[in-house]
Amino acid sequence: MLQKREVKARREGLPDLVDAEDRPVVLRFAPNPNGPLSFGHARGLVINSTYRERYNGTFILRFDDTDTKVKPPMLEAYKSIEEETEWLTGRKPDRVVIASDRIEEYYVHANQMLEGGFGYVCRCSAEDFKVHRVGKTACPCRDQSKEDNIVLWKSMLKGVFQPGDAVVRVKTDMTLKNPALRDWPALRLQDTKAHPHPRPTIGSNYVVWPLLDFQSAVEDHLQGVTHIIRGKDLMDSTRKQKLLYEHFGWTYPETTYWGRVKVHEWGGFSTSQMRKDVEAELYEGWSDPRLPTLQALKMRGIDSKALRSFWLELGITQKDISVPLATLYSHNTKVVDSTAPRLTFVRNPISFSLEGDTPSEVSLPVHPNDASMGMRTWSLRSKKILLEGADIELMDLRLKEFADVALNDTVASMGSTERKDKRPIVHWLSSDQSRESKLCYTKDNEIHHVNGHVETHAYTAGTIVQLERIGYARVMEDDTLLLCHEELGEENV
RNA sequence: GCUCGUAUAGUGUAGUGGCCCAUCAUGAAGGACUCUCAUUCCUUCGACCCGGGUUCAAAUCCCGGUACGAGCACCA
């Protein structure tokens with residue numbers, strides 16, 4: 001009774017993997033390096049690498065770079081994907097596999113398939129074959145002898161055929177209920193003279209290339225992958241691959257799927273489209289804060305821990321979901337707040353002269369809840385202070401951590417340094433201790449900025465600070481600030 | 001068209017026949033604390049797609065419907 005109650009308690013984290021206790025667990029994440037990783041890729045990285053940690057297994061990063069024309073790989077992406085993987089998962093993958101390095105291996109298996117009589121070289125056009133697939137009929141090539149298939153295969157390798165003239169198919173069953181599974185294509189020809197592979201060691205070396213379903217299936221077996229967790233758009237892929245595994249007499253990995261995710265603010269996004277836009281210079285590179293790439297999120301000050309807990313919270317349901325960025329931001333706030341030093345930024349600053357009995361300096365805590373982060377000390381020698389344009393309509397203010405003032409024209413008369421009434425508290429700057437700066441933020445897919453003064457500081461690029469009364473921001477390479485959670489209301493701009 | 005899959009509060013999510021007039025988070029509203037519109041804490045709001053069936057008992061199993069999504073590429 002008591003035990004059953006425990007079973008039904010809310011499950012924390014991901015569900016256990018099926019059949020994972022008595023054998024080493026091998027997982028993989030296999031992106032196409034046709035661009036840097038984006039928000040959606042993070043799911044595969046987070047889920048798979050989290051299971052690696054739980055089962056002390058092996059995590060493989062595999063580059064599925066077998067298409068040189070439709071979604072051609074991007075040379076720089078190999079390196080950036082490895083970096084992004086390490087950033088997000090906290091360590092290097094246990095193994096890195098590049099499909100384009102393993103073409104010969106795939107040829108060996110293609111050859112076995114033809115020798116074994118469960119594959120054939122099909123010379124039908126795509127359109128002609130479609131008729132057979134829909135009509136559940138065998139195409140003329142299906143019944144060729146093994147010998148004929150081997151001869152044709154060798155011709156394919158020699159470059160006798162043009163792309164589209166020949167393809168290697170896996171023999172399944174043309175009467176299968178699911179049309180997607182009927183004699184599916186395993187390898188095809190690519191014109192790598194016109195579309196060379198971007199990796200110099202590969203270039204135009206091969207004309208015969210495996211398709212995803214074949215390459216991935218063979219490679220999963222060769223790498224000893226035990227569990228595949230991937231999007232449900234690949235469900236039919238699994239079914240195709242299982243048919244191939246049966247031919248080879250292999251055991252297919254345990255497979256789990258997740259549904260499609262959209263972000264309210266972004267809608268859908270594809271790497272190919274982003275690549276076009278970046279190359280057309282619609283964006284300032286792949287880390288442009290408007291893009292949903294991991295680089296951009298990092299640039300926006302989203303911590304990798306926040307991204308991890310975000311994806312773990314969504315879990316691996318097969319539901320198609322749409323989440324607001326606010327959810328990600330709330331995770332990020334939890335991660336970032338306790339270590340973000342407080343900093344003052346005054347937007348549209350208006351200068352006032354302090355009058356009255358002013359001290360020569362004032363000290364403020366770096367973090368209100370963590371005294372160990374120390375104090376920041378501002379000189380008040382010039383007696384010039386800056387207040388935010390939006391605040392000065394209020395005549396009686398309290399300068400945060402300092403003193404009451406009454407505003408009159410360009411003069412701020414000192415009042416009590418003790419807090420005596422409920423007058424509004426505003427952030428402010430001593431002009432001795434500030435410099436001009438810019439606060440950038442994204443809104444409606446545009447980058448906006450507000451001019452202002454920032455408290456002088458020595459934080460290096462990449463530091464996440466909290467601008468008091470504004471929000472979290474990242475110190476940028478050019479010394480401006482970028483708002484992390486993009487929620488500046490109209491009235492503040 | 002064929003095939004496959006999913007359906008729990010605004011958004012996500014837990015729940016695999018009794019513990020469920022349903023979990024947790026987020027969101028919204030209110031409040032406490034606070035020399036930040038931050039953080040933290042408290043309160044409140046709000047859901048099992050519809051219709052049948054099986055069963056003593058259904059969010060949970062079965063059937064049908066509906067909605068949404070995916071695959072049927074010589075893309076990944």
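Just the heavy atoms: all of them, side chains too, but no hydrogens, waters or symmetry mates, feed the values below. Here is how names work: the chains are called A, B, and so on, in the same order as the sequence lines, proteins then strands, and each is numbered from 1.
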Could [X] and [Y] be called an ion pair, given the rule that one side-chain N must be under 4.0 Å from one carboxylate O?
X        : Y        : answer
A:Arg239 : A:Asp213 : no
A:Asp173 : A:Lys136 : no
A:Glu279 : A:Arg275 : yes
A:Arg376 : A:Glu468 : yes
A:Arg62  : A:Glu219 : no
A:Asp220 : A:Arg28  : yes
A:Arg54  : A:Asp16  : yes

Subject >> Over 12 foreign heavy atoms within 6.0 Å of CG, A:Asp357 >> reply: no

Candidates [options] - which lies nearest the side chain of [X]:
X        : options             : result
A:Asn178 : B:U36, B:G71, B:A76 : B:G71
A:Lys319 : B:C75, B:U6, B:C35  : B:U6
A:Leu212 : B:U6, B:C74, B:A76  : B:A76
A:Arg11  : B:G15, B:C74, B:U36 : B:G15
A:Lys71  : B:U36, B:G12, B:A76 : B:A76
A:Lys177 : B:C75, B:U3, B:G5   : B:U3
A:Ala180 : B:A38, B:C72, B:A7  : B:C72
A:Lys334 : B:A25, B:A76, B:U6  : B:A25
A:Ser330 : B:C37, B:U26, B:A76 : B:U26
A:Ile321 : B:A70, B:G5, B:U13  : B:U13

Heavy atoms only, 4.0 Å cut-off, all strands: where does [X] land among base, sugar-phosphate and nothing?
X        : value
A:Phe129 : nothing
A:Leu399 : base
A:Asp64  : sugar-phosphate
A:Leu181 : nothing
A:Pro31  : nothing
A:Thr317 : sugar-phosphate
A:Ser125 : base
A:Gly164 : base
A:Ser338 : nothing
A:Gln318 : sugar-phosphate
A:Thr68  : nothing

Determine the Euclidean distance between corresponding [atom1] atoms of [M] and [N]; express it in Å to zero decimal places.
N     : M     : atom1 : answer
B:U13 : B:C56 : P     : 35 Å
B:G1  : B:A58 : P     : 36 Å
B:G71 : B:A22 : C1'   : 35 Å
B:U34 : B:U23 : P     : 33 Å
B:G27 : B:G64 : C1'   : 36 Å
B:U44 : B:U66 : C1'   : 34 Å
B:C24 : B:U43 : P     : 11 Å
B:C61 : B:C19 : P     : 16 Å

Original post:
Would you say the base of B:U36 and the side-chain of A:Gln466 have a donor-acceptor pair closer than 3.5 Å?
Top reply: yes

**OP:** Indicate, yes or no, whether a donor-acceptor pair under 3.5 Å links the base of B:A70 to the side chain of A:Arg260.
**Re:** no

Quick check on [N]: is either OP1 or OP2 less than 4.0 Å from any side-chain nitrogen or oxygen of [X]?
X        : N     : answer
A:Thr333 : B:A38 : no
A:Lys422 : B:C35 : no
A:Arg239 : B:G71 : no
A:Arg188 : B:A76 : yes
A:Arg423 : B:C35 : no

Mate of [N] where both pairing distances stay under 3.5 Å, Watson-Crick or G-U:
N     : value
B:C45 : B:G27
B:A57 : none
B:G64 : B:C50
B:A9  : none
B:C74 : none
B:U39 : none
B:C19 : none
B:C4  : B:G69

What's the [atom1]-[atom2] distance between [X] and [N], to the nearest Å?
X        : N     : atom1 : atom2 : answer
A:Trp184 : B:C2  : CH2   : C1'   : 20 Å
A:Leu325 : B:A25 : CG    : P     : 22 Å
A:Trp258 : B:G12 : CH2   : P     : 18 Å
A:Asp320 : B:U13 : CG    : P     : 10 Å
A:Asp213 : B:C75 : CG    : C1'   : 10 Å
A:Lys262 : B:C68 : NZ    : P     : 12 Å
A:Leu364 : B:U34 : CG    : P     : 18 Å
A:Asp236 : B:C2  : CG    : C1'   : 11 Å

Original post:
Between A:Leu234 and A:Tyr472, which has a closest nucleotide on RNA chain B that is more 5'?
Top reply: A:Tyr472

Original post:
Would you say the side-chain atoms of A:Ser437 pair up with the backbone N or O of A:Gly452, donor to acceptor, closer than 3.5 Å?
Top reply: no

Subject >> Sidechain-backbone polar pair: A:Asn149 side chain, A:Tyr120 backbone, donor-acceptor under 3.5 Å >> reply: no

